[in-house]
*Asks:* 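Input: one structure, supplied below.
Note: hydrogens, waters and symmetry copies are ignored here, and every other heavy atom, side chains too, is used. Below, read A as the first sequence line, B as the second, and so on, with proteins coming before strands; counting in each chain starts at 1. As the structure is a computational prediction, the values presented were derived from the model and not from experiment.
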4 protein chains.
Amino acid sequence: MPGKIRTAQTVSLDIPAAEQPGLHNRWHPDVPTIGSIEPGETVKIECVDWTGGQIGNNDSAEDVRTVDLTKIHYLTGPFEIKGAEPGDLLVVNITDVQPFEDSPWGFTGIFDRKNGGGFLDEHYPKAAKAIWDFDGIYCTSRHIPGVRFAGLIHPGILGCAPSHEVLAEWNRREADLISACVHSHPNKVVAQPPLAVNAHAGQATGDLKAKIAREGARTIPGRPEHGGNVDINNISRGSTTYLPVHVPGAKFSVGDLHFSQGDGEISFCGAIEIAGTITIKFDLIKNGVQSRAIKSPVFRPGDVAPNFGPGRYLTFEGFSVDENGKQHFLDATVAYRQACLRAIEYLKQFGYSGEQIYLLLSCAPIKGSIAGIVDVPNVCTTLGIPMDIFDFDISVEAVPKKRDLGSCPISSV
Amino acid sequence: MPGKIRTAQTVSLDIPAAEQPGLHNRWHPDVPTIGSIEPGETVKIECVDWTGGQIGNNDSAEDVRTVDLTKIHYLTGPFEIKGAEPGDLLVVNITDVQPFEDSPWGFTGIFDRKNGGGFLDEHYPKAAKAIWDFDGIYCTSRHIPGVRFAGLIHPGILGCAPSHEVLAEWNRREADLISACVHSHPNKVVAQPPLAVNAHAGQATGDLKAKIAREGARTIPGRPEHGGNVDINNISRGSTTYLPVHVPGAKFSVGDLHFSQGDGEISFCGAIEIAGTITIKFDLIKNGVQSRAIKSPVFRPGDVAPNFGPGRYLTFEGFSVDENGKQHFLDATVAYRQACLRAIEYLKQFGYSGEQIYLLLSCAPIKGSIAGIVDVPNVCTTLGIPMDIFDFDISVEAVPKKRDLGSCPISSV
Amino acid sequence: MPGKIRTAQTVSLDIPAAEQPGLHNRWHPDVPTIGSIEPGETVKIECVDWTGGQIGNNDSAEDVRTVDLTKIHYLTGPFEIKGAEPGDLLVVNITDVQPFEDSPWGFTGIFDRKNGGGFLDEHYPKAAKAIWDFDGIYCTSRHIPGVRFAGLIHPGILGCAPSHEVLAEWNRREADLISACVHSHPNKVVAQPPLAVNAHAGQATGDLKAKIAREGARTIPGRPEHGGNVDINNISRGSTTYLPVHVPGAKFSVGDLHFSQGDGEISFCGAIEIAGTITIKFDLIKNGVQSRAIKSPVFRPGDVAPNFGPGRYLTFEGFSVDENGKQHFLDATVAYRQACLRAIEYLKQFGYSGEQIYLLLSCAPIKGSIAGIVDVPNVCTTLGIPMDIFDFDISVEAVPKKRDLGSCPISSV
Amino acid sequence: MPGKIRTAQTVSLDIPAAEQPGLHNRWHPDVPTIGSIEPGETVKIECVDWTGGQIGNNDSAEDVRTVDLTKIHYLTGPFEIKGAEPGDLLVVNITDVQPFEDSPWGFTGIFDRKNGGGFLDEHYPKAAKAIWDFDGIYCTSRHIPGVRFAGLIHPGILGCAPSHEVLAEWNRREADLISACVHSHPNKVVAQPPLAVNAHAGQATGDLKAKIAREGARTIPGRPEHGGNVDINNISRGSTTYLPVHVPGAKFSVGDLHFSQGDGEISFCGAIEIAGTITIKFDLIKNGVQSRAIKSPVFRPGDVAPNFGPGRYLTFEGFSVDENGKQHFLDATVAYRQACLRAIEYLKQFGYSGEQIYLLLSCAPIKGSIAGIVDVPNVCTTLGIPMDIFDFDISVEAVPKKRDLGSCPISSV
């Protein structure tokens, strides 16, 4: 008779993440497994928030400004999936994600341009943050009054460990990018090479730990071979993701839980970041990489999601002409930035500061779509805002009036 | 008592588009208006297909291969909206779009890499096409058997005429891009400057016609100031778009009707291209550009759209690592291309050719989303395919088997 | 090469329905077929409105009050489906429904209690009507200002002819009901037996016509063996209905087109009634009645429908306690009437008359659901009103204020 | 700074419900309040399952057969809402419902026809049950293999206490029904009068307890004045219900949590019955009964719900002709029963027993709608089954084959 779902790994909110043996923060094939899971089994896995507790439930942005970005993305795992072999597909069916009951809050941050930055850091260079309080599946923020929405809760990061070959390829190509940009963009972080400082190699010790710290891939970018930090908000409850397996046992890790995230996660610390528990049912499709022609993760969202109706999205268009009037060639990134900037200008009319909206677009159920990507030189992207998350009418028909919508903490430095 | 909706402009499928005075194919403030519409009025406007009839309902791709791309985007208009002044917002509520009853078919094309190209032209350099037959709101293609879907029918192009100042800005910045690339990409069309050949200036004659031909902006790119060729598939029935007005009378034009289009319109001639009739209710928000802080088009989709349920989309992930293993920096365009290429490899298993799927992704109700755009160096984009448009099961759980799915015409040259 | 869809039968809006040989208004196995359709074929079928043109586009309810209810439900057909035999399932895939382009309007009526009546005729005994004007897929009414919605357009009636045995069963059981009620409800029309007056037997003449007039089942009720007047609003575009075949050739008929209808069609003449064209793709499942265990019609709605989002329905509850305080036993009909009456009282606050709302609930996209049907003695039903069809805010949070919302024509008698 | 949501009342799964002072099982104005809640406050409220723990997680239906139906519907409450007065509307915004983490299972039962019965008890007279195991927001049953779905979790019962006047009216009208049926249906339970046996009056003692036991309304029926046992499945997470207040302090109670329920809850013990916790945000609209014209509960569903797409529902039609061929007059209850019976016959083809499907229709996300309610003598109702909850293809196109789908426990008596 089925019983209670077992918790495959717990975490603590009181012990520093760096000291918890069930966590790690590098992708490397040799991080020791912390437990085993049978195909067909459902388990709960606890996760710390992506900063490992660096950000507090308070009204100052100083912790965001001074966040130590070498101490992030503590993932829970790796787990051995019994019988998994390279070339299999690991089937990850997420059946629930919950914040910890004793910790019903989360945060969204704008990083200082000199420490992390974000999609709009040329416009909003100072650190800022918003704290969100959870009321069941809904959230509100004292720092962004006037909005309330249900979270499409999900993990930002999930993936299997790379093989040594895959890891080498990552390090090769990202080093190439760094090299290529070193002269053109000397002060810009275009990618992050392996870094021993604050590497958490899980239960590895001694030489192994040193090796992992020296070689392990950083967790910031998602990568095509395994997924990782994909930040896909509809890999939520009910979703099924098919992940390529690269090493025996799969070595699956998960973390960076988000109560909600807008498409793009534009402020970088952009989702509503939480600690909590994810429930996953695992399965295997043997030899699926080849037999299903799947070399990168593929997924199906769940059938339960906020449904505002298509007609309830106020939608902004963005093209690949930047805010300085420069024409770019089919650049979807530039185009999406324009849509973001336009939405901010629009919503400012109602009384929000730019930072409040930048934070809001990062974490609310915002839809970012690619409309046309072939009409040289302009990509057209769209950004849709569900009007029903606001307490007041934000439609174009409504004559806008400034309200007192408070403020979010912004670093004074 | 309300009567039948009037048709503000007809077109002919028998007379060459270049000879029809109700059409034009340049954006210029001086194209003469072809009629007047009152705010609050609903009218029907007929449109030719975007090639002006160059592509036939047949089983050869030769017409696509040799298409004359100087003879395209014949728009119907411009219409004067009574009372519209620069700084107003023109409210465009599309209440219907229909293919002509006598012409219940459309086409999707892949252009030859040397004549038009497209998003995947390095992989699929040869011209190809698919003809679609309409069965009410559904469509099927003899060239891509096994799929059937309802169209989210819409215009690819809608916008108000630019002012002289706006037009000058367009020509300035696009010329800058061309100049900047002339050495780095000497053989690449990065943008198209004004071109007198085959310019259609509507009812303009003599010097005015020559001026428009000399200065008028080409119609391929959408542009932030007015919209234009935005190729947004959910500007469909029921949608309301708010367009900035730049000249007295607004001078609204519309065309490039699509029976259906996937996000990105990736093959360039990528939607199901049709001739037909669009019904629009017009209104004005006086001084709305300033009073609503809207400098680029904004819209709300209609509430009637295909609803497959979120869980019915098989979704592919794409990152900014290109197909040659090169790492790009936060390039959403590269990332979306990867998602497209992965979807093609997946669907080939069922018996389709690459060209068939390239065409299908271009025109079926495919969702292209921006997942994460800040995780240096990788943007993560997603491409979702509604599984219910296929006659057979394309889920990952289904063991794929090759079927006889025919072929689409491909140019032999 | 596929061509234009053929029109299997036309109708005229100028010739009286009773004189058009492509129509009939009785269900009988011997009504002569008017044409043949191949399995796999798509055809267009034109239909008159259900009253055969008795109601005019004007501002008086006199035509509704004096409507001749023996001259109704003129169906187009019957059509022979080639190869259909009793025991097969006829597959009816509706791919489009359109009002006639020259007749872009429809009507909703409340019948006089003494001539037709309706669900709330004890409360609203006088004839009334609303004329609706079509603006593409949307409609508005000068008689019910403040609302606008897209139609979920559909046929009220579709079915195959009964066999002689099925017809005899219908006449037997309905006669039993009439007999059983003759003393208890002497003045109430509980069912309508065959009636020769104004019977339209299609192309039948002489004795055959007389026989059909004498035996033919009336068209008002839907019936489990074949469907008929089911008034199911989501048998709309894209839907597929599986109809049992009772006679060789199936003898399919269709009519009573509705631009839109609320669940329940409560005012009886309750949908937005139109003349127009329906496009259907036919198929057969041989021996499907037995091989699929389907003795009554089964259907799948289309995937294109208005989607307001679940949270946009203001929903009223109704129980089986009637408006006089009498407790009924598990009576879902009483319960739904209560939900209707409550919704009317609520919406009156905004300035509508009871008749206006009665008409509106009949024809707008209202959802009527059975919540609990076992909690003796009370069924609980719900009636959901999409708030987004109104120009103003009808939420409970909005403080209601009376507006000038005009009036609908109501009979003075 | 906001903190953790407080739990307004706990329950125990180990102490008999009859002995827990935070519960009660009669509606009466004098049941003592167990706590106070401020308008604007969010609290958690724990609830036992509706049988107070009588049904076990085992493979026998004996507990269902012998259930004591006088010991049911133990509600948690009543709670005083500070400042609530008769005539106000209590605003109940449900922000979460969860089964207890230590008790991740629920049950669905068919009662014996002689002890409770249900909607189809003439066809399925024996007791049966299914146990459901929860896997996050999804559930499966070892007794009904082949299905899996997400729950639209909700309370079956919520309401404010009646005033003495309202209570007297309930007792009057239900007694009238009992009297009216005593001769015609001597053995049928048409309604349940007050009953002292096993009445739980909460914290009342002595004379007050006796009075409540003697006068208190039973909890089985929902009632129009306050709601109560409405069994409305989309009063789920995110929903807002507006409840009339009849006594000072409102005296709100809630219970009968359902993990999932089909429209109609047809087997009576028909939902997936659970113990668990509901989170509610309370508010007041002062004098709302009059100022909003709301005399019965009104609600808005939440915006998060399973969305299978409209085209994924296989839908059965039911008319008011009963299974014996008897014609009823506009009886929606008979009509819905027919739709249920037809769905059962259809699904039996795949290998299920009738009892398994009867249970499934009761608790899965089944849609029951009123299509047409005015076409004398036949109401048409529809019952839609989401095809995607099945592991296998249940579409009409699929040739059905019998599978081994096990069995559910059925009482042998």
Side-chain angles (χ1 to χ4, degrees), chain A residues 134-140 145-153 233-234 236-238 259-260 262-263 300-315 350 364-369 382-401 403 405, chain C residues 134-140 145-153 233-234 236-238 259-260 262-263 300-315 350 364-369 382-401 403 405:
Chain A
F134 305 148
D135 179 5
I137 63 169
Y138 284 77
C139 64
T140 54
V147 293
R148 185 169 188 252
F149 50 87
L152 186 62
I153 195 166
N233 51 23
N234 55 351
S236 180
R237 298 193 279 201
F259 188 84
S260 177
D263 279 353
R300 287 172 62 177
D303 48 46
V304 182
N307 176 358
F308 299 104
R312 302 297 297 169
Y313 285 85
L314 186 62
T315 307
F350 298 93
I366 301 302
K367 289 210 295 193
S369 296
T382 61
L383 181 151
I385 300 176
M387 299 189 294
D388 295 322
I389 69 173
F390 293 88
D391 287 350
F392 46 88
D393 184 358
I394 66 154
S395 72
V396 178
E397 282 74 16
V399 178
K401 66 169 184 193
R403 284 148 214 268
L405 291 168
Chain C
F134 305 148
D135 178 5
I137 63 168
Y138 284 76
C139 63
T140 55
V147 293
R148 186 169 189 251
F149 50 88
L152 186 63
I153 196 166
N233 51 24
N234 55 351
S236 180
R237 297 193 278 202
F259 188 84
S260 177
D263 280 352
R300 287 173 61 176
D303 48 46
V304 182
N307 177 358
F308 298 104
R312 301 297 296 169
Y313 284 86
L314 186 62
T315 307
F350 298 93
I366 302 301
K367 288 210 294 194
S369 296
T382 61
L383 181 152
I385 300 176
M387 298 189 294
D388 295 322
I389 68 173
F390 292 88
D391 286 350
F392 45 88
D393 184 357
I394 66 154
S395 72
V396 178
E397 283 72 19
V399 178
K401 67 170 183 192
R403 282 145 216 269
L405 292 168

*Asks:* Does C/Phe149 have any ring pair (Phe, Tyr, Trp, His ring centres under 6.0 Å) partners at least two apart in sequence or in another chain, and if so, which?
*Replies:*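 Expected list: C/Trp132.
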*Asks:* Tabulate, in ascending numerical order, the residues of residues 301-313 of chain C having at least one heavy atom closer than 4.5 Å to a heavy atom of chain A, or enter 'none'.
*Replies:*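 Counting heavy atoms that sit under 4.5 Å from chain A, the residues of residues 301-313 of chain C involved are C/Asn307, C/Phe308, C/Gly309, C/Pro310, C/Arg312.
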*Asks:* What part of A/Asp388 gets closer than 4.5 Å to chain C, counting heavy atoms only: side chain, backbone, both or neither?
*Replies:*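 For A/Asp388, side-chain heavy atoms alone lie under 4.5 Å from chain C.
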